[in-house]
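First the structure, in the form of structure tokens, and then the observations on it.
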Amino acid sequence: MVRRTLGQRKHAAWKLGGVGVVAVALLGAGLTLASADDRASTAAQTANCPTVRDKLGNVPAAALAGVEQELANLDKQIEEANARLAQQAANPQGGANFINNAILGPLASKRVAALDRIGININRVGGQRPDLASFATCGLNPPGTRSALNGKAGNAGGNNNAGGGNNASGGNNNAGGNNAGGGVAQRVSCPSVADRLPAVPARAAAEVQRELANLDKQIAEADARLAQLAVRPEGGPNFVRNAVIGPLEDRRVAAINRIATAIGRVDGNRPGNLVNLARPCSAR
């Protein structure tokens with residue numbers, strides 16, 4: 001048996017202790033990296049659906065409100081699908097056809113119904129019913145690409161940390177052009193939110209998507225109200241501000257606060273300045 005001197009034993013113990021320290025350090029680094037990875041946003045695919053607003057042409061004034069509501073429904077359906085896709089990216093489930101069977105298939109069915117209601121709204125007031133059936137089927141965008149929405153025609157591009165779109169403001173409204181029997185409807189313009197978000201944790205992505213969908217729905221509902229006012233004006237000079245824009249801004253405050261809370265709940269860093277994007281909104 002080989003005897004070790006005291007110095008040799010101390011040296012061996014130091015080497016083992018050093019290995020232990022390195023192991024602990026590596027383990028700690030591994031845990032930190034895992035934690036950081038958990039906080040990172042998982043880029044999700046998004047629904048790639050044909051836009052509809054730009055395919056409608058001029059819509060009779062009496063059908064504007066109904067058409068705007070269905071365009072809002074189409075956008076809401078896309079955002080709900082994007083929320084499901086975000087969940088799928090964070091927690092994959094099902095086989096190879098899960099996305100087609102559980103997300104894109106039901107989305108197409110809901111779009112068929114909404115597109116049919118658009119045609120009915122137009123035909124009911126004497127307009128030519130458009131053939132929109134070919135716009136029901138959707139595919140997938142690459143991860144991180146925003147979905148094209150009807151709420152803001154012509155601005156589908158850009159990267160979005162949450163994986164979906166958010167209506168920033170009203171562009172040219174093809175559904176509210178020069179229509180017989182009514183004026184030109186104003187549209188709402190609000191600060192965009194989706195492109196101002198910090199990196200969204202994967203576990204918060206679905207909830208953030210839902211609230212972005214709520215923001216788009218709120219704007220679409222306000223646009224529908226403005227379309228009604230173009231046909232049947234009411235109130236005084238401050239009516240739009242008091243009855244449409246003011247309530248819209250209040251609802252935006254609530255939705256944006258829920259987005260900030262969803263992000264802060266996961267990574268502990270609630271973005272407090274997002275609420276500034278709730279205002280100001282305007283009608284133009």
Side-chain angles (χ1 to χ4, degrees), residues 43-60 63-86 88-89 97-123 127-160 162-177 185 187 192 194-195 209-210 212-217 219-221 223-224 227:
Q45 292 177 294
T46 59
N48 182 1
C49 302
T51 54
V52 177
R53 181 187 295 280
D54 54 330
K55 314 297 194 308
L56 294 177
N58 288 335
V59 173
L64 276 175
V67 169
E68 285 290 347
Q69 187 61 52
E70 294 308 326
L71 290 173
N73 281 337
L74 288 170
D75 286 348
K76 183 172 184 290
Q77 292 163 5
I78 290 173
E79 295 288 13
E80 288 172 345
N82 285 342
R84 291 290 310 280
L85 290 168
Q88 178 69 5
N97 294 321
F98 179 84
I99 289 178
N100 281 328
N101 295 336
I103 301 177
L104 294 183
L107 173 61
S109 298
K110 289 188 286 185
R111 283 174 64 84
V112 166
L115 292 169
D116 192 49
R117 290 192 294 268
I118 288 176
I120 290 172
N121 270 285
I122 293 172
N123 187 246
Q128 179 67 39
R129 181 167 181 165
D131 182 7
L132 303 175
S134 61
F135 305 128
T137 303
C138 302
L140 291 172
N141 287 316
T145 302
R146 292 176 62 179
S147 296
L149 297 177
N150 297 287
K152 189 181 180 186
N155 188 12
N159 293 321
N160 178 3
N166 170 243
N167 189 354
S169 63
N172 295 321
N173 183 354
N174 290 326
R187 296 200 58 205
S192 63
D195 56 349
Q209 280 289 347
R210 283 193 294 272
L212 289 175
N214 281 337
L215 290 171
D216 286 339
K217 184 172 183 288
I219 289 177
E221 289 172 346
D223 282 341

Heavy-atom closest contact (A65 atom, A227 atom, distance): N-CB, 4.3 Å
Spatial distance of atom CZ (R117) from atom CG (L74) [nearest 0.5 Å]: 8.5 Å
Closest heavy-atom pair and its distance - G119, P130: CA-CD, 4.1 Å
If you look at every heavy atom in A86 and A44, which pair is closest and at what distance? CA-CB, 3.7 Å
Testing the basics here: between L115 and F135, what is the closest heavy-atom pair and its distance to 0.1 Å? CD1-C, 3.9 Å
Excluding sequence neighbours, so at least two apart, what forms side chain to side chain contact (heavy atoms under 4.5 Å, CB included) with N141? T46, N48, T145, S147
N123 backbone acceptor or donor facing R129 side chain under 3.5 Å: no
Determine whether a donor-acceptor pair (N or O, by modelled atom type, separation under 3.5 Å) exists between the side chain of D75 and the backbone of L149. no
Determine whether L71 and D223 make a side-chain contact, defined as any pair of heavy atoms from C-beta on separated by less than 4.5 Å. no
Pairing residues for E221 by the side chain to side chain contact (heavy atoms under 4.5 Å, CB included) criterion, not counting sequence neighbours: Q69, K217, R251
Rounded to the nearest 0.5 Å, how far apart are CD of Q45 and CG of N82? 10.5 Å
Going by side chain to side chain contact (heavy atoms under 4.5 Å, CB included), name the residues that satisfy it together with A133, two or more places apart in sequence or in a different chain. D131
Could you tell me if the side chain of C49 sits less than 4.5 Å from the side chain of L107, heavy atoms only? yes
For C138 and L104 the tightest heavy-atom approach is O-CD1, 4.0 Å
On a heavy-atom basis, which atom in A114 and which in Q77 lie closest, and how many Å separate them? CB-NE2, 3.9 Å
Suppose the criterion is salt bridge (Lys or Arg N to Asp or Glu O under 4.0 Å): which pairs have a residue in residues 98-111, not counting sequence neighbours? E80-K110
Measure the spacing between CG of D116 and CG of L132 and express it to the nearest 0.5 Å. 9.0 Å
With sequence neighbours excluded, what pairs up with N101 under the side chain to side chain contact (heavy atoms under 4.5 Å, CB included) test? N97
Report the distance from atom CD of E68 to atom CD of E70, rounding to the nearest 0.5 Å. 11.0 Å
Is there a side-chain contact (heavy atoms from CB on, under 4.5 Å) between N121 and V59? Walk through the geometry before answering. CA-CA 10 Å; N121 270 285; V59 173; over 6 Å; no
